[in-house]
Amino acid sequence: MDAGAPPADPDYPDNAPGAWALRDLLSAVTLSFDRKKLLTGAAGLFLSAFVFGTVRWLGLLTGEEGAIRVFSILGLILASCVWVVFSGVIAKMSLVELLERRPAGTEEIRRFLAERWTTLVGTPVAFGALSLALLAVMAAIQLVGKIPGLGPIIFASSFLLAFTLAFGAALTALVHAMGAFLYPSIVALRGGGAVGVVTEMFDLVRKHGVLIVIYEAVAGLLGLVMTTLIGIVVWAGLYIVNWSALAIMNEKFRLSLAGIPSFFRVFLRPFQPWLPLIPGPLPVAWHYDLSGFLLGFSLLWIVIATAVYPFVFFNAAGSITYLILRQGSEGPGSEG
């Protein structure tokens, strides 16, 4: 490792040919069962959910379908920024543990956040801006095509250019989708700014695209198995508490579920098959509104607790994947 590398970066003692291999992805299973990583992931998922839910809820208050779509897209963008920041923190923890065989310190994580949160947030924004810029130029060519007379001729002669722009936008979206698995680890280990991360992701996809797909497939399979096992246990607990509450409380439990605010229903709807049957909103007494709020908050945390392990696992597996790919591109002594 170069002596001038930033002190916040972990050492890279094992960066030798054969030091990291596909089998090392198995270590992400146990690496993810770490209290600090899981708590960090839970906080990130909760904040992401809170940001998206708040913005979408504001859109629902307008009652306008167009406004709901706009608010939903805005909420997704803001939530993804929060998600990426916490992904970077988990990647930093995983890399320190993988490379230095020690847990990352609190001050180390604080310094990492202070130095690189803009790069973490800027990376998905840079990918999105690049795609939108390509599509904007393509749309401008198509607008020229609406001009009477010469318009269709100009568009026809520029069709290959329009196709190239559309192809570039689709390619950027694909690289971004694959990069979500890797760029938190790139930022955690190398930094380099958002533009540098985007450039490296294109280079990694160009050199190791098939390998990245294979590693993502293996990580996805391992994550699916672990998530299924955890989910079965969570579902069993929910089934028991739901069945007993219905048996003992009967209508009072149903009214409490009906009192869950729309704010929480935004997040709970995708997980409805695994949750207690939530009736539609009903006019209920104030104490059912309060119990509904508390139930919604509790169910949201149960959903987050179930989703946090695959969230941490995916980031840990991404860190191991980046170490494998990086050793194939750089020899010992490369700057980290």
Could Arg102 and Glu108 be called an ion pair, given the rule that one side-chain N must be under 4.0 Å from one carboxylate O?
-> yes
Under the side chain to side chain donor-acceptor pair (under 3.5 Å) rule, what pairs show up with a residue in residues 239-252, not counting sequence neighbours?
-> Asn250-Arg254
Transitive ILVMFWY cluster of Leu143, excluding itself - 4.5 Å side-chain cut-off = none
Does Phe314 have any side chain to side chain contact (heavy atoms under 4.5 Å, CB included) partners at least two apart in sequence or in another chain, and if so, which?
-> Phe181
Test side-chain contact (heavy atoms from CB on, under 4.5 Å) applied to Phe33 and Met226, step by step = CA-CA 11 Å; Phe33 280 113; Met226 295 303 301; 3.7 Å; yes
Residues forming a side chain to side chain donor-acceptor pair (under 3.5 Å) with Arg110, sequence neighbours excluded | Glu107
Please list all pairs passing the salt bridge (Lys or Arg N to Asp or Glu O under 4.0 Å) test where one or both residues lie in residues 218-241, with sequence neighbours left out.
-> none
Check side chain to side chain contact (heavy atoms under 4.5 Å, CB included) between Ser157 and all other residues, then give those that pass, not counting sequence neighbours.
-> none
Using the ring of each side chain (for Trp, its six-membered ring), is Phe46 parallel, tilted or perpendicular to Phe50, with breaks at 30° and 60°?
-> parallel
Look at the aromatic rings of Phe159 and Phe155 and report parallel, tilted or perpendicular, splitting at 30° and 60°.
-> perpendicular
With sequence neighbours excluded, tell me which residues meet side chain to side chain donor-acceptor pair (under 3.5 Å) with Ser27.
-> none
Which residues satisfy the side chain to side chain contact (heavy atoms under 4.5 Å, CB included) test with Ser319, sequence neighbours excluded?
-> Ala91, Ser94, Leu95, Leu98, Ser185
Residues at least two apart in sequence or cross-chain that pass side chain to side chain donor-acceptor pair (under 3.5 Å) with Thr119, listed by chain then number, are none
With sequence neighbours excluded, give me every ring pair (Phe, Tyr, Trp, His ring centres under 6.0 Å) pair touching residues 117-147.
-> Phe127-His176
Expected output: side-chain Arg56 to main-chain Gly75 donor-acceptor under 3.5 Å | no
Check side chain to side chain donor-acceptor pair (under 3.5 Å) between Glu216 and all other residues, then give those that pass, not counting sequence neighbours.
-> none
With sequence neighbours excluded, what pairs up with Arg35 under the side chain to side chain contact (heavy atoms under 4.5 Å, CB included) test?
-> Leu39
